[in-house]
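Report on the following structure.
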Amino acid sequence: HEAVEAHRAMIREARGIQGALPERVAEGLDVKHCALSLVGEPIMYPRINDFCAELHRRGISSFMVTNAQFPDALRALEPVTQ
C-alpha cells in the first residue's frame, strides 16, 4: 500500500505541469501494472508469490523479468500476468 501511495503522490505533482492533461493525471492515479524486474532477481524475494497474489487481488497486472538462475524458485513461482 505504501508503494501505491508513493506512486499517487508522484502523479499528483504532475497536476501543475504545463501540458499535463487533467484526464491523464487522473488516469495515472489508478495503478494498473507492476514491473518486477528493476532491482535484483525478483524470484529470490521469499514472499514473491504472496506479493503477486496481492497485486492480482487489487487488479494490478504483474510483469516479471528473470534471468532464470534459480530454476527451483522459478518452478515454485505462481503464474504472473505477463
What's the shortest heavy-atom distance between [X] and [Y], and which atoms?
{"X": "Ala20", "Y": "Ala14", "answer": "CB-O, 3.3 Å"}
{"X": "Val65", "Y": "Pro42", "answer": "O-CG, 3.5 Å"}
{"X": "Ser62", "Y": "His56", "answer": "OG-NE2, 2.6 Å"}

Answer yes or no: is there a donor N or O on one side and an acceptor on the other, between the side chain of [X] and the main chain of [Y], under 3.5 Å?
{"X": "Glu41", "Y": "Thr66", "answer": "no"}
{"X": "His7", "Y": "Glu2", "answer": "no"}
{"X": "Asn49", "Y": "Ala76", "answer": "yes"}

Please assess Arg58 against Val4 for the test side-chain contact (heavy atoms from CB on, under 4.5 Å), listing each intermediate value before the final yes or no. CA-CA 11 Å; Arg58 293 176 182 225; Val4 171; 4.3 Å; yes

Any heavy-atom pair between the side chains of [Y] and [X] that's under 4.5 Å?
{"X": "Ile43", "Y": "Phe70", "answer": "yes"}
{"X": "Leu29", "Y": "Arg12", "answer": "yes"}
{"X": "Cys52", "Y": "Leu36", "answer": "yes"}
{"X": "Glu54", "Y": "Ile60", "answer": "no"}

Can you measure from CZ (Phe63) to SG (Cys34) and round to the nearest 0.5 angstrom?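 Spacing of CZ (Phe63) from SG (Cys34) equals 11.0 Å.
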
Rounded to the nearest 0.5 Å, what separation is found between the CD atom of Glu27 and the CD1 atom of Ile11?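 If I round to the nearest 0.5 Å, the distance is 10.0 Å.
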
side-chain contact (heavy atoms from CB on, under 4.5 Å) between Lys32 and Ser61, intermediate numbers included: CA-CA 6 Å; Lys32 295 181 180 172; Ser61 73; 6.0 Å; no

After noting the C-alpha distance and the side-chain angles of Arg75 and Leu77, does the key distance pass the side-chain contact (heavy atoms from CB on, under 4.5 Å) rule? CA-CA 5 Å; Arg75 279 190 282 281; Leu77 184 65; over 6 Å; no

Atom CZ of Arg24 with >12 non-hydrogen neighbours under 6.0 angstrom: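 For Arg24, atom CZ is not crowded (no more than 12 foreign heavy atoms under 6.0 Å).
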
